[in-house]
Asker: 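Handing you this structure, nothing more for now.
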Amino acid sequence: QEHYGGLNGLTVTWIGDGNNVLHSIMMSAAKLGMHLRVATPKGFEPDLRITKITEQYSKEYGTKLLLTTDPLEAADGANVLVTDTWISMGQEEEKKERLKAFQGYQITMQTAKSAASNWTFLHCLPRKPEEVDDEVFYSPRSLVFQEAENRKWTI
């Protein structure tokens with residue numbers, strides 16, 4: 001909202017794990033008027049209960065929801081590209097399997113080519129290079145440090 005002046009009509013794309021951060025976005029995006037496009041590898045989809053609620057919210061608030069396994073399809077027309085860790089606390093033993101499953105999900109400038117011309121990038125940190133490359137993470141399009149500062153005020 002701070003960057004775009006409002007949230008209504010924005011398209012947010014999540015590329016990565018169907019984790020708690022995605023669940024939070026899913027539960028709020030439609031209520032804020034945002035379209036949501038989600039790309040997760042098979043087997044790493046968001047919780048089905050959350051998905052069903054999100055589908056209902058999307059109908060209720062007139063927003064669009066896309067669930068796919070194709071990161072480039074999800075990135076198409078996105079204003080905001082978002083990812084998070086692929087290996088959360090307690091999943092360290094799954095690292096090798098997860099890194100293999102998430103091949104092709106790293107957010108890069110190639111990913112952003114199909115995004116909207118005003119695209120930005122978010123990540124709630126800490127970031128690992130396999131999730132987003134340096135070019136995107138440190139680009140002027142990256143709002144991760146403003147995101148971290150804003151989160152500080154809620155703590």
Side-chain angles (χ1 to χ4, degrees), residues 1-89 91 98 101-102 104-128 131-133 136-137 139-155:
Q1 183 165 317
E2 180 180 350
H3 181 79
Y4 288 102
L7 301 176
N8 195 43
L10 290 179
T11 298
V12 175
T13 292
W14 175 272
I15 298 174
D17 192 17
N19 65 17
N20 61 321
V21 176
L22 173 59
H23 292 155
S24 293
I25 293 171
M26 291 174 74
M27 295 301 291
S28 60
K31 290 180 180 182
L32 298 169
M34 296 185 295
H35 308 292
L36 183 58
R37 302 172 70 85
V38 176
T40 58
K42 276 199 179 307
F44 296 90
E45 298 88 353
D47 184 285
L48 189 57
R49 293 169 297 169
I50 301 292
T51 299
K52 288 194 182 300
I53 294 168
T54 302
E55 288 169 345
Q56 180 59 41
Y57 286 165
S58 192
K59 287 177 189 166
E60 185 178 337
Y61 292 93
T63 61
K64 296 176 188 161
L65 173 66
L66 171 73
L67 301 173
T68 182
T69 58
D70 183 346
L72 294 179
E73 179 184 15
D76 189 38
N79 302 106
V80 184
L81 300 172
V82 188
T83 195
D84 184 26
T85 186
W86 298 344
I87 304 152
S88 294
M89 289 184 293
Q91 297 174 329
R98 285 178 160 273
F102 283 89
Y105 282 78
Q106 181 191 48
I107 296 180
T108 65
M109 287 297 185
Q110 185 65 35
T111 313
K113 278 187 178 180
S114 63
S117 61
N118 66 344
W119 70 271
T120 55
F121 174 74
L122 295 174
H123 191 302
C124 63
L125 303 177
R127 165 261 187 170
K128 305 214 178 36
E131 299 153 2
V132 56
D133 71 6
V136 171
F137 187 79
S139 79
R141 304 285 188 135
S142 176
L143 301 177
V144 296
F145 298 112
Q146 293 94 320
E147 178 183 8
E149 179 188 8
N150 288 342
R151 192 171 51 250
K152 179 181 90 169
W153 299 110
T154 67
I155 293 173

Asker: How far apart are the closest heavy atoms of Gly18 and Thr40, and which atoms are they?
Answerer: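 Heavy atoms of Gly18 and Thr40 come nearest at N-CG2, 3.9 Å.
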Asker: Within this structure, what is the CD1-CG distance for the pair Ile25 and Asn19, rounded to the nearest 0.5 Å?
Answerer: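 Ile25 CD1 to Asn19 CG: 8.5 Å, rounded to 0.5 Å.
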Asker: Are Arg98 and Phe44 side-chain neighbours, meaning at least one heavy-atom pair lies under 4.5 Å?
Answerer: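 Contact flag for Arg98/Phe44 side chains = yes.
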Asker: Give a yes or no on whether the backbone of Thr63 and the side-chain of Ser58 come within a donor-acceptor separation of less than 3.5 Å.
Answerer: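 Yes, because the side chain of Ser58 sits within donor-acceptor range (under 3.5 Å) of the backbone of Thr63.
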Asker: If we only count heavy atoms from C-beta on, is the Asn150 to Glu147 side-chain gap below 4.5 Å?
Answerer: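 They are not in contact (no side-chain heavy atoms under 4.5 Å apart), so the answer is no.
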Asker: Please report the closest heavy-atom contact between Leu65 and Glu55, naming both atoms and the distance.
Answerer: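 Shortest heavy-atom separation between Leu65 and Glu55 comes out as CD2-CG, 3.6 Å.
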Asker: Give a yes or no on whether the backbone of Gly43 and the side-chain of Glu45 come within a donor-acceptor separation of less than 3.5 Å.
Answerer: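 Yes, Glu45 side chain to Gly43 backbone: donor-acceptor pair under 3.5 Å.
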Asker: State whether the side chain of Thr154 and the backbone N or O of Arg151 hold a donor-acceptor pair below 3.5 Å, judged by distance alone.
Answerer: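 Yes.
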Asker: How long is the gap from CG on Leu67 to CH2 on Trp14, to the nearest 0.5 Å?
Answerer: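 Answer for the CG-CH2 pair, Leu67 versus Trp14, is 13.5 Å.
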Asker: Which pair of heavy atoms, one from Thr68 and one from Asp70, lies closest together, and at what distance?
Answerer: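 Thr68 and Asp70 have their closest heavy atoms at OG1-N, 3.1 Å.
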Asker: Identify the two heavy atoms, one from Tyr4 and one from Asn118, that lie closest to each other, and give their separation to 0.1 Å.
Answerer: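 Closest heavy-atom pair between Tyr4 and Asn118: OH-O, 2.8 Å.
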Asker: Are side-chain heavy atoms of Val12 and Val82 found at a separation under 4.5 Å?
Answerer: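 Answer yes - side chains close enough.
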Asker: Quick one: CE on Met27 to NE2 on His23, what's the gap to the nearest 0.5 Å?
Answerer: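 Met27 CE to His23 NE2: 10.0 Å, rounded to 0.5 Å.
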Asker: What do you reckon, is CD of Glu2 surrounded by more than 12 foreign heavy atoms closer than 6.0 Å?
Answerer: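 No - once you tally the heavy atoms of other residues, nucleotides and ligands closer than 6.0 Å, there are 12 at most.
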Asker: So do Trp119 and Thr13 actually touch side chain to side chain, heavy atoms under 4.5 Å?
Answerer: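 In short, these two side chains do not touch, never coming nearer than 4.5 Å.
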Asker: Which word best sums up how the rings of Phe102 and Trp86 line up, parallel for under 30°, tilted for 30 to 60°, or perpendicular for over 60°?
Answerer: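 Parallel: the ring planes of Phe102 and Trp86 meet at under 30°.
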Asker: So how far is it from Lys31 NZ to Tyr61 OH, rounded to the nearest 0.5 Å?
Answerer: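 The OH atom of Tyr61 is 5.5 Å from NZ of Lys31, to the nearest 0.5 Å.
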Asker: Would you please say whether a donor-acceptor pair under 3.5 Å links the side chains of Tyr105 and Thr83?
Answerer: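 There is no such pair (donor and acceptor under 3.5 Å, judged by atom type) between the side chains of Tyr105 and Thr83.
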Asker: Do the non-hydrogen side-chain atoms of Leu66 and Glu73 ever get within less than 4.5 Å of each other?
Answerer: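 A side-chain contact exists here, since the closest heavy-atom pair is under 4.5 Å.
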Asker: Mark yes or no for whether His123, through its side chain, and Phe137, through its backbone, hold a donor-acceptor pair below 3.5 Å.
Answerer: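 No, the answer is negative, given that no donor and acceptor are paired below the 3.5 Å cut-off.
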Asker: Which heavy atom of Thr120 sits nearest a heavy atom of His3, and at what distance?
Answerer: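 That would be CG2-NE2, 3.4 Å.
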Asker: Please check if any side-chain donor atom of Thr108 sits under 3.5 Å from a side-chain acceptor atom of Thr111, or the reverse.
Answerer: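 A donor-acceptor contact under 3.5 Å links the two side chains.
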Asker: What are the two closest non-hydrogen atoms of Met34 and Leu7, and how far apart are they?
Answerer: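 So the minimum-distance heavy-atom pair works out to CG-O, 3.2 Å.
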Asker: Between the main-chain N or O of Ala74 and the side-chain N or O of Arg37, is there a donor-acceptor pair closer than 3.5 Å?
Answerer: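 Side chain of Arg37 to backbone of Ala74: a pair is present.
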Asker: If I take atom CZ from residue Phe145 and atom CG from residue Leu125, how far apart are they, to the nearest 0.5 angstrom?
Answerer: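 Atom-to-atom, Phe145:CZ and Leu125:CG are 6.5 Å apart.
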Asker: What distance separates Met109 CE from Asp133 CG, expressed to the nearest 0.5 Å?
Answerer: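 CG of Asp133 is found 7.0 Å from CE of Met109.
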Asker: Other residues, nucleotides and ligands only: do more than 12 of their heavy atoms fall within 6.0 Å of NZ on Lys113?
Answerer: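 No, because the 6.0 Å sphere around NZ of Lys113 holds 12 heavy atoms or fewer from other groups.
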Asker: Using a 4.5 Å cut-off on heavy atoms from C-beta on, say whether the side chain of Glu131 contacts that of Asp84.
Answerer: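 Asp84 does not reach Glu131 side chain to side chain.
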